[in-house]
Number of protein chains: 2
Amino acid sequence: MKRHLKPGEKPTLKTIARLSGLAVATVSRALGDAPDISADTKVKVRRIADEVGYIPNRAGVRLRTGRTNVISLILPVESNMTNHTAKLQSSIAHELRGTQFHLNVTPQFPDEDPLKPVRYIVENGLADGIIINSTRADDERVAYMMERKFPFATHGRTGWSDAHAYFDFDNQTFVTLAAKHLAGLGRKRMKVLLPPSGLNYTNDMMTGIIMARDMLGVDIQAMSNLHAEMAAEQISAWFEDAKSSDQTADGYIISSPMACIAVVDALERQGVKLGQEVDVFSREAIPFLKYFRPQIHLMREDVGWVGTHLARAVVQAIRAPNAKPLQGLEVPNETYIR
Amino acid sequence: MKRHLKPGEKPTLKTIARLSGLAVATVSRALGDAPDISADTKVKVRRIADEVGYIPNRAGVRLRTGRTNVISLILPVESNMTNHTAKLQSSIAHELRGTQFHLNVTPQFPDEDPLKPVRYIVENGLADGIIINSTRADDERVAYMMERKFPFATHGRTGWSDAHAYFDFDNQTFVTLAAKHLAGLGRKRMKVLLPPSGLNYTNDMMTGIIMARDMLGVDIQAMSNLHAEMAAEQISAWFEDAKSSDQTADGYIISSPMACIAVVDALERQGVKLGQEVDVFSREAIPFLKYFRPQIHLMREDVGWVGTHLARAVVQAIRAPNAKPLQGLEVPNETYIR
DNA sequence: CCCTGAAGCTATAACGTTATAGATGTCCAC
DNA sequence: GTGGACATCTATAACGTTATAGCTTCAGGG
């Protein structure tokens, strides 16, 4: 398809002009559907443009026309930010304040390849650096950016995290601490509701399970067929269905606050009382589960600091590509438990 | 200060070159701290640049150097988005998918003039359109953008909303419906926890209070010295302090989910039981308060649709500046109540 | 007094795009 | 066969920036 392109060449109007034998201005006007260009030419130009994958250079358009093709969302930074995403973005934006950098949000839709937005940004030069989360051990986005030496920082480690900037919460320790805490309350049979499988921190939590089993000698295992990002209804439904199966756990370790709510709700429907038959331990960024049920045990995680670190890390990766990448690992201890 | 500038002129390197008598290239190199420019010149250029308020044109830099000065945050769009901000952004991004527009997030810090980010974007041409929320009746940001004919859309109406694009939830009807619902449960003395004063939807809710009083004949009033965006701790503290004062309300209408949690918590600490001595009615975007206390009465508000509408509205404002602005008002009815 | 080298500045070109004015060719009317 | 109208395309310039090469000036050595 792209056989007309010189290798590594980013197609511009000039490319299309060369391939079509037309002038750059004509190509521009043809693509812009100007009235004084013949239909034939328009079709021909359009075809070549598609063939070579032409995408208008935003800087060129912007410089010439003043059009930025950007929509700006003004996000009020509230003091009592109860909101994970808002908090993360605010802290990134806050750290970026005073630098030349602007923050752009690119959605990654569940129905598309996770690599797509990353590739789009890298190939079209839409940013100097990228921040991603939900990392996998062999994350293809990370592999892609490392190969191209494109600056980035990840929330969550990967198989190559020695070599790139990241911030991570030590989820292995999270699990062992939680298990220890529950064991201290006399709990004997624990179940862990993990994040979706494949994610790096899911693996870390699985390691934590094994470590807790080995070192503390407790009966602890992951819940199968269920993960912490499922909708509350699904989690509830699972507990209903599983009534007949093994429900003898007396301790739950839950990876996300929403899942925790769903689990507690399901347990209570079965007549179980928190702090009596069962104890529940969850991770939480914002102090709110304590209002839901004060008996829930919590490990706090500071999202604001995550954003701050990631912003610094990616800026460093941009400015000093050869320096040692900025890496941060927050290892929780007993004082993190509420 | 800016007396050297022609009116309306956006300072560029050329401007500084003209004012300093140096060549454009020299100015560029002086500001870039190049080694072959004398210290004197650097100081002089820097001073003039500051004086005229020079800010490098991002498109120029980007075109020349390839540097975008943009950091991109990849935001995974989860299906069970439990998160107001993330949901809003996802729906905006979703609506923008397939258009040429990118979404940029500009924070508005509580310690700075709300007009600042808007002015920054407009003056420096950093976007083609702006979306704002937390509007006031005589919102200075709206006045600013209207005066300059800069495309925008607001979440929440203003005093001039006939003339601009907006989406709003009918908060007046929200209050009257809630009051009617509580009255139907036999509640006689209602209190409303409003959003911070000055916001347009706060005024709407106040109108709703008066209408409910007049039309339903119920005893209903706003809670003073307290608003729904305060931290949970503050709300709790207020209820403690106010023990001695009037606590005879039997119905509460709360403007935000977090405040609702705090209020219910405070009430329960006083031994009050939901659905018995007191009923509580709240607004909610995500189905979660029902897990907290199933007795809470809810009016649902679809944040996803808000984002979709706002995105369409601002795109229309950009593409067809003279068309009638896109406006949407969601008027709740009994079926919105859960 | 010429040559060299350094310091300090500038002219030019280029990044990719599009608005403007102009060029070329065709066709028809007179 | 000349003029004009029209359709279609192109050359040029400009947006703001910076890398590159080159220019000027001056001091100091020979």
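All values below were derived from every heavy atom in this structure, side-chain atoms included, with hydrogens, water molecules and symmetry-related copies excluded. Below, read A as the first sequence line, B as the second, and so on, with proteins coming before strands; counting in each chain starts at 1.
In the helix from C/dC1-D/dG30 to C/dC30-D/dG1, the terminal helix axes, each the rotation mapping four pairs' C1' atoms onto the next four within five end pairs, subtend 80°, rounded to 10°.
Remark: C1' of C/dT18 and CG of A/Leu22 are 16 Å apart, rounded to the nearest angstrom. Atom P of nucleotide D/dC9 and atom CG of A/Leu31 are separated by 13 Å, given to the nearest angstrom. The interatomic distance linking B/Arg58 (CZ) with D/dG16 (C1') rounds to 14 Å, in whole Å. Across the protein-nucleic acid pair, B/Lys10 atom NZ and D/dG16 atom P stand 9 Å apart, rounded to whole Å. Atom CG of B/Leu63 and atom P of D/dT17 are 12 Å apart (whole Å). The CG atom of B/Asn57 sits 17 Å away from the P atom of D/dA14 (whole-angstrom rounding). One atom, CZ of B/Arg29, and another, P of C/dT12, lie 17 Å apart when rounded to the nearest Å. D/dT10 atom C1' lies 14 Å from atom CG of A/Leu13, rounded to whole Å.
The phosphate of D/dT8 has neither OP1 nor OP2 within less than 4.0 Å of any side-chain N or O from A/Thr41. The phosphate of C/dC9 has OP1 or OP2 within less than 4.0 Å of a side-chain N or O from B/Ser38. Proximity of B/Lys14 to the phosphate of D/dC15: a side-chain N or O atom is located under 4.0 Å from OP1 or OP2.
Side-chain contact check for A/Arg29 versus A/Val24: every heavy-atom pair is 4.5 Å or farther apart. Side-chain contact between A/Leu96 and A/Val315 is present, with heavy atoms from C-beta onward closer than 4.5 Å.
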Audit row: B/Asp50, B/Arg46, salt bridge (charged side-chain N to carboxylate O under 4.0 Å, His left out) steps and yes/no: CA-CA 6 Å; B/Asp50 289 345; B/Arg46 185 72 266 165; 3.2 Å; yes
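Among the heavy atoms of the strands lying under 4.0 Å from B/Thr26 is at least one base atom, whether or not backbone atoms are also near. At the heavy-atom level, A/Ala25 lies under 4.0 Å from base atoms of the strands shown. Here B/Ser28 lies in heavy-atom contact (under 4.0 Å) with a base.
Side chains of B/Asp128 and A/Thr68: a donor-acceptor N/O pair is present below 3.5 angstrom, by distance only.
In this model, a side-chain donor or acceptor of B/Asp36 finds a partner on the base of C/dC9 within 3.5 Å.
Between B/Phe167 and B/His309, the ring planes lie tilted relative to each other; the angle falls in the 30° to 60° range. The aromatic rings of A/Phe152 and A/His164 sit tilted relative to each other, their planes meeting at an angle between 30° and 60°.
Under the 6.0 Å cut-off for aromatic ring centres, A/His155 and A/Tyr166 do not qualify, their centroids lying 6.0 Å or more apart.
If you check C/dG16, D/dC9, D/dT17 against the side chain of A/Arg64, the one that comes closest is C/dG16.
Taking for each of B/Ala23 and B/Thr65 the nucleotide of DNA chain C with the nearest heavy atom, the 5'-most of the two is the partner of B/Ala23.
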